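None of these values were measured; they are calculated from a predicted model.
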Amino acid sequence: MGFIIKLVRGIINFWVSSAALIVLYFADMAAVALAYSIQEKIPVIEKAARNNFLIAYILPAIAIFFVSLVFVKINQNHFHLTLGKIVFRYLALMVLLVGSVVLVALIGYFIWSVLPENAKTMIINIVGAPFGFLLVASHGSILLIPLIIIGYAAVFCVIVPLSLIAGFGAASFYEKLPNILKIAVKIASVVCLVLFVKYLVNVGTTITDDDIFNRTYTTKKDAAFLEKLHKQGFDFEGKKMLPYLVKYGNAPDFILEQVISYGVDVKACSEECFDWISLKKGKFLIEHGADPNVRDTFDGKPFLFEALEGLRHAEICS
């Protein structure tokens, strides 16, 4: 009788603990999604990640660790699973998920192979017209959908289980540490957090070329930003700020006049400015000293004429 009770308890414990691991699987994805959504609301982290790609994974890694730590504590009190059993079950889950995807693909291939030719032709005709329309409407980007599906499948079937295994390993190792070492780890974590925040503050207050040339300049707030750059000694002429504003920044005249007032030689940067500009911008530049006769070394035509010829505004050259 005692053997049967133990067997029943073992079966119940197995299924309950397995269910808890499945719940944790989805909790892990939710925690990572929350971490990434928080990061998106903190532009300085994205800016720091451009300098060091590992920055983008810090918050998700912390989220996985804390989710795993919660389960490790629950496991100690209720399930008593060893780390090896947890790893084995997640590896089994990973194999099951990958196998399911492969099985679905094989079943689909088998069904397609046994279909009569007229049925295949009918399906192609039914699906082909909408697919062709979507292909044209999306400019071919619909062809990326299979790659996106494969990417998500890889995340759900491989990356999430592996990340949980790593999180369990770290959390289990932490829980087995003596109290004195746990205190040391907590102190080290606080120090690292302070240094990380300090680094983010430095990144956030440092203006880089990416900050300057990955934005538009259309408002008074943007004008104040340009004034701040001027006070910091930014080289507007050497960095070719005026050509950028003319060609890519969609800047209004008052912004261009502000940059010119900082000593930018409009005539010297005529060649960079006269590159597929509008009629209005062409007149503005000429009025502020641009050379309308600067020529293309390739065919000898004036740059301004070539630009406006492409826009059917060649009359400005007269």
Side-chain angles (χ1 to χ4, degrees), residues 40-53 55-56 138-141 199-318:
E40 289 177 357
K41 292 178 172 55
I42 308 176
V44 68
I45 294 181
E46 183 181 353
K47 181 180 177 181
R50 289 199 295 266
N51 298 328
N52 188 342
F53 74 96
I55 298 292
S138 65
H139 302 288
S141 59
Y199 171 74
L200 291 180
V201 170
N202 290 335
V203 170
T205 54
T206 302
I207 300 176
T208 64
D209 284 355
D210 283 341
D211 299 321
I212 297 170
F213 294 104
N214 283 334
R215 60 181 292 174
T216 57
Y217 296 84
T218 56
T219 66
K220 290 184 178 179
K221 184 178 179 180
D222 299 320
F225 179 76
L226 291 172
E227 181 63 24
K228 181 180 178 180
L229 290 179
H230 177 59
K231 290 180 179 178
Q232 291 181 357
F234 180 73
D235 184 5
F236 285 89
E237 186 165 346
K239 293 288 187 178
K240 301 186 184 299
M241 191 67 181
L242 184 61
Y244 169 77
L245 293 173
V246 170
K247 293 192 290 185
Y248 309 113
N250 194 28
D253 289 352
F254 78 91
I255 293 285
L256 299 179
E257 288 174 345
Q258 179 180 349
V259 171
I260 292 171
S261 71
Y262 295 147
V264 174
D265 187 349
V266 181
K267 186 175 182 179
C269 60
S270 299
E271 183 175 333
E272 291 89 350
C273 288
F274 292 151
D275 186 8
W276 296 99
I277 58 173
S278 66
L279 174 64
K280 182 181 177 182
K281 285 291 187 288
K283 287 182 177 179
F284 175 88
L285 291 169
I286 291 174
E287 290 171 358
H288 287 78
D291 181 6
N293 297 313
V294 62
R295 294 180 179 274
D296 187 346
T297 55
F298 179 71
D299 58 13
K301 285 185 179 180
F303 267 103
L304 181 59
F305 180 84
E306 288 186 328
L308 299 179
E309 186 181 47
L311 294 172
R312 297 182 181 178
H313 291 315
E315 64 271 15
I316 192 178
C317 297
S318 62

Starting at [atom1] of [X], measure out to [atom2] of [Y] and round the result to the nearest 0.5 Å.
X	Y	atom1	atom2	result
Ser261	Phe236	OG	CZ	8.5 Å
Leu285	Ile260	CG	CD1	7.0 Å
Glu257	Ile255	CD	CD1	10.0 Å

Is a side-chain donor or acceptor of Gln258 paired with a backbone partner of Leu226 at a separation under 3.5 angstrom?
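No, because the side chain of Gln258 does not come within donor-acceptor range (under 3.5 Å) of the backbone of Leu226.
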4.5 Å side-chain heavy-atom contact, Tyr217 and Met241
yes
Would you call Ile212 and Lys239 a side-chain contact if the rule is heavy atoms closer than 4.5 Å?
no
Which residues share a side chain to side chain donor-acceptor pair (under 3.5 Å) with Glu227, sequence neighbours left out
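Side chain to side chain donor-acceptor pair (under 3.5 Å) list for Glu227, sorted by chain: Tyr262.
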Applying side chain to side chain contact (heavy atoms under 4.5 Å, CB included), name anything that partners Asp253, two or more places apart in sequence or on another chain.
Leu256, Lys280, Lys281, Phe284
